[in-house]
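So the structure is just underneath, and the comments pick up after that.
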Amino acid sequence: MKIGALAEVFPGETRVALTPDSAGQLAKLGHVSVIQSGAGAKAGFSDAAYAAAGVEVLPDAAAVIAAADVLVKVRGPEMAEAQALRSGQTLISFFWPAQNPELLEAVKARGATVVAMDMVPRISRAQKMDALSSMANLAGYRAVIEAANNFPRFFTGQVTAAGKVPPAKVLIVGAGVAGLAAIGASVSLGAITYAFDVRPEVAEQINSMGAEFVYLDFAEAAQDGAATGGYAAPSSPEFREAQLKKFRELAPDMDIVITTALIPGRPAPKLWLEDMVAAMKPGSVIVDLAAERGGNCDLTVPDQKIVTANGVTIVGYTDFPSRMAAQASTLYANNIRHMLTDLTPKKDGVIDHNMEDDVIRGATVAKDGDVTWPPPPPKIAAIAAQKPKEKARELTAEEKRAAEVAAFKAQTRSQVTLLAVGGALMLLAGLYAPASFMSHFIVFVLAVFVGFQVIWNVSHSLHTPLMAVTNAISSIIILGALMQIGSGSVLVVVLAALSVFMAGINIFGGFMVTRRMLAMFQKS
């Protein structure tokens with residue numbers, strides 16, 4: 001099959017859906033690649049680089065559409081591009097079928113097949129094709145860079161001879177892929193980072209990255225990501241009011257706010273209102289990653305950067321991935337390549353559009369003159385939410401006392417039984433063993449009893465380091481072996497030497513294991 005890459009016609013779009021590297025990978029699947037001349041120029045890929053990779057460079061879009069069996073793009077097709085498709089031809093690109101019903105009908109009328117990269121289901125097997133995530137990752141990182149470019153202070157705190165600079169305080173609203181990327185970039189730059197999300201399962205991810213999760217004083221259980229394909233769900237009016245109240249409390253202290261909240265198929269929710277902007281300090285920055293869908297901030301102007309009357313800069317750019325065109329094109333081309341790998345299971349250059357496959361079916365919005373959107377839910381659930389742990393019931397004073405008495409009685413019975421059995425065994429041994437042996441044997445039994453009582457009450461998590469140390473200490477037996485090395489018997493000398501060797505391993509090994517385990521809990 002011939003894979004054809006078109007140049008993007010959307011104003012300001014600099015990405016390309018095919019790179020020289022991805023073309024080489026497609027060749028291993030049995031495909032031949034063609035590309036429109038100049039399609040990769042804005043991303044730093046020249047026509048000569050494509051030609052060197054074995055890609056045929058065609059002069060215009062019409063030539064590519066006529067030659068290719070599968071067309072790949074970044075942005076969804078314009079109406080003229082959709083009407084140029086032919087029956088049986090496949091288009092792979094972002095499409096947004098919910099927002100473009102007329103485009104969907106036009107593709108249906110042409111009898112073409114459309115694979116929408118924005119409809120790839122969020123399941124583990126499809127992560128390599130998840131173009132929304134790969135682009136959101138870049139957008140989150142770039143949002144922090146844009147914020148730093150417009151913020152008049154350091155991100156990290158500094159103490160110098162010229163004075164003290166406090167660290168910036170950054171709030172990230174929405175901890176999806178873009179939000180987590182923004183958290184990582186912000187924390188690495190030294191800012192005090194806070195993050196909020198309506199999905200409870202992301203709190204641990206946020207804390208593990210060095211940011212602080214913002215909790216709400218709200219009793220309602222939030223919708224988890226497992227039921228919504230990994231995305232946030234619309235919140236109740238009561239939850240929204242609690243959310244806005246919290247944001248109003250945070251607004252005066254925040255230097256930078258990055259909003260990333262989006263709900264599939266809906267306009268961006270308004271989360272940072274005009275009064276919150278008015279409460280922020282002069283010089284503060286808001287970066288709205290949802291600007292293309294209306295923005296999370298009341299004052300966002302898509303594709304523009306504005307400064308409010310109180311000196312707050314609001315960045316509403318909608319082309320963050322395109323501002324890193326080479327990296328974005330490489331990642332997106334890899335997403336396309338992985339999709340074509342699934343569409344070419346035999347690696348023989350023949351497309352097998354298997355509608356029984358969860359990923360292919362979920363991403364296919366039109367096929368052979370039919371609209372196949374919306375798809376059925378995938379058989380495999382998205383991110384599974386953690387079940388909330390049940391809180392242990394608080395015991396009353398009487399119940400605590402009863403439990404303590406029962407534990408004491410059980411422990412007493414255990415100790416008395418051990419002492420009785422041990423005493424009986426020692427009396428039995430005393431009937432046959434010499435007195436010199438019994439004096440040592442009694443000390444040995446008592447040591448075992450005391451050691452058992454100590455080890456039994458140690459937490460399980462400490463067993464390994466504790467046993468490593470006791471192994472080393474118990475190797476005091478090496479002294480007995482050393483005393484026997486001077487014996488006149490060859491057999492005794494050999495046995496004593498072996499005892500010294502094995503006890504030495506026990507000593508050094510015990511301390512080495514302990515040292516390594518303790519090093520696991522040290523930062524330096």
Side-chain angles (χ1 to χ4, degrees), residues 1-10 13 15-18 22-23 26-27 29-40 50 54-120 129 131 332-333 335-337 339-346 348-355 357 359-375:
M1 307 290 279
K2 279 193 174 181
I3 313 298
L6 294 170
E8 300 299 320
V9 296
F10 189 85
E13 182 57 70
R15 292 170 290 177
V16 64
L18 183 75
S22 68
L26 293 176
L29 298 175
H31 299 304
V32 177
S33 299
V34 299
I35 192 168
Q36 182 179 342
S37 178
Y50 284 107
V55 180
E56 183 181 359
V57 180
L58 299 179
D60 52 33
V64 173
I65 294 172
D69 303 295
V70 178
L71 293 171
V72 293
K73 284 181 91 280
V74 179
R75 295 270 183 172
E78 300 292 329
M79 186 57 74
E81 292 175 317
Q83 291 173 346
L85 297 173
R86 62 178 183 271
S87 178
Q89 200 169 35
T90 298
L91 171 68
I92 303 177
S93 72
F94 285 115
F95 198 86
W96 308 107
Q99 288 78 33
N100 295 294
E102 299 88 359
L103 202 59
L104 197 56
E105 287 299 321
V107 171
K108 171 187 172 183
R110 300 298 298 173
T113 297
V114 175
V115 177
M117 295 302 290
D118 49 281
M119 292 299 297
V120 171
M129 294 167 260
Y332 182 73
N335 295 141
I336 293 283
R337 189 251 299 176
M339 176 62 75
L340 285 167
T341 300
D342 273 26
L343 288 168
T344 319
K346 297 181 180 178
D348 56 356
V350 178
I351 298 290
D352 179 14
H353 206 106
N354 179 15
M355 294 293 276
D357 184 290
V359 178
I360 295 173
R361 175 65 188 89
T364 303
V365 298
K367 187 176 189 298
D368 300 333
D370 290 324
V371 172
T372 58
W373 179 85

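Bear in mind that the values here come from a model prediction, so they are computed numbers and not experimental data.
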### Query
Can you find a heavy atom in the side chain of Arg86 that is under 4.5 Å from one in the side chain of Asp69?
yes
#### Entry: Closest non-hydrogen atom pair, Ala84 against Ile65
O-CG2, 3.6 Å
#### Entry: Distance-minimising heavy-atom pair for Arg361 and Pro375
NH1-CB, 3.7 Å
### Task
To the nearest 0.5 Å, tell me how far Gln89 CD sits from Lys2 NZ.
12.5 Å
### Summary
The single option from Ile35, Leu6, Val72 that satisfies side-chain contact (heavy atoms from CB on, under 4.5 Å) with Val16 is Ile35
### Query
Got a second to check how far Asp348's CG is from Met1's CE, nearest 0.5 Å?
10.5 Å
### Task
Apply the test side-chain contact (heavy atoms from CB on, under 4.5 Å) to residues Val70 and Ile351: give CA-CA distance (whole Å), side-chain angles for both, the deciding distance (0.1 Å), then the verdict.
CA-CA 9 Å; Val70 178; Ile351 298 290; 4.3 Å; yes
### Query
With no hydrogens and no angle check, is any side-chain donor or acceptor of Asp370 less than 3.5 Å from a backbone partner on Thr372?
no
### Distance-only donor-acceptor check, side chains His353 and Thr113, under 3.5 Å
no
#### Entry: Separation between CG of Leu29 and CG of Leu343, rounded to the nearest 0.5 Å
10.0 Å
### Query
Can you check whether Glu102 reaches Met79 side chain to side chain, under 4.5 Å on heavy atoms?
yes
### Query
Are side-chain heavy atoms of Asp118 and Pro97 found at a separation under 4.5 Å?
yes
### Query
Is a side-chain donor or acceptor of Glu8 paired with a backbone partner of Arg75 at a separation under 3.5 angstrom?
yes
### Message
What's the separation between atom CE in Met129 and atom CZ in Arg337, rounded to the nearest 0.5 Å?
### Response
11.0 Å
### Task
State, to 0.1 Å, how close Pro101 and Ala98 come at their nearest heavy-atom pair, and which atoms those are.
CD-O, 4.1 Å
### Task
Rounded to the nearest 0.5 Å, what's the gap from OH on Tyr50 to OG on Ser37? Could you check?
11.0 Å
## Note on the structure
Closest non-hydrogen contact found for Ala82 with Pro77 is N-CB, 4.2 Å
### Task
Might you work through the side-chain contact (heavy atoms from CB on, under 4.5 Å) test for Asn335 and Val120, ending with a clear yes or no?
CA-CA 10 Å; Asn335 295 141; Val120 171; over 6 Å; no
### Task
Run the numbers on Leu340 and Ile92 for side-chain contact (heavy atoms from CB on, under 4.5 Å), then give the verdict.
CA-CA 9 Å; Leu340 285 167; Ile92 303 177; 3.8 Å; yes
### Task
Report the C-alpha separation of His31 and Thr344 in whole Å, then their side-chain angles, then the decisive distance to 0.1 Å, and conclude whether the side chain to side chain donor-acceptor pair (under 3.5 Å) test is met.
CA-CA 9 Å; His31 299 304; Thr344 319; 2.8 Å; yes
### Message
Is the shortest side-chain heavy-atom distance between Ser33 and Leu18 below 4.5 Å?
### Response
yes
### Task
Would you check if Val114 and Trp373 make a side-chain contact, meaning some heavy-atom pair closer than 4.5 Å?
no
### Message
For Phe10 versus Glu78, what's the shortest heavy-atom pair and its separation?
### Response
CD1-OE2, 4.3 Å
### Summary
So CG of Leu58 and CD of Gln36: to nearest 0.5 Å the spacing works out to 9.0 Å
### Message
For a quick test of reading the model, state the closest non-hydrogen atom pair linking Ser93 to Tyr332 and the distance between them.
### Response
CA-OH, 3.5 Å
### Side chain to side chain, Met355 and Thr364, heavy atoms closer than 4.5 Å
yes
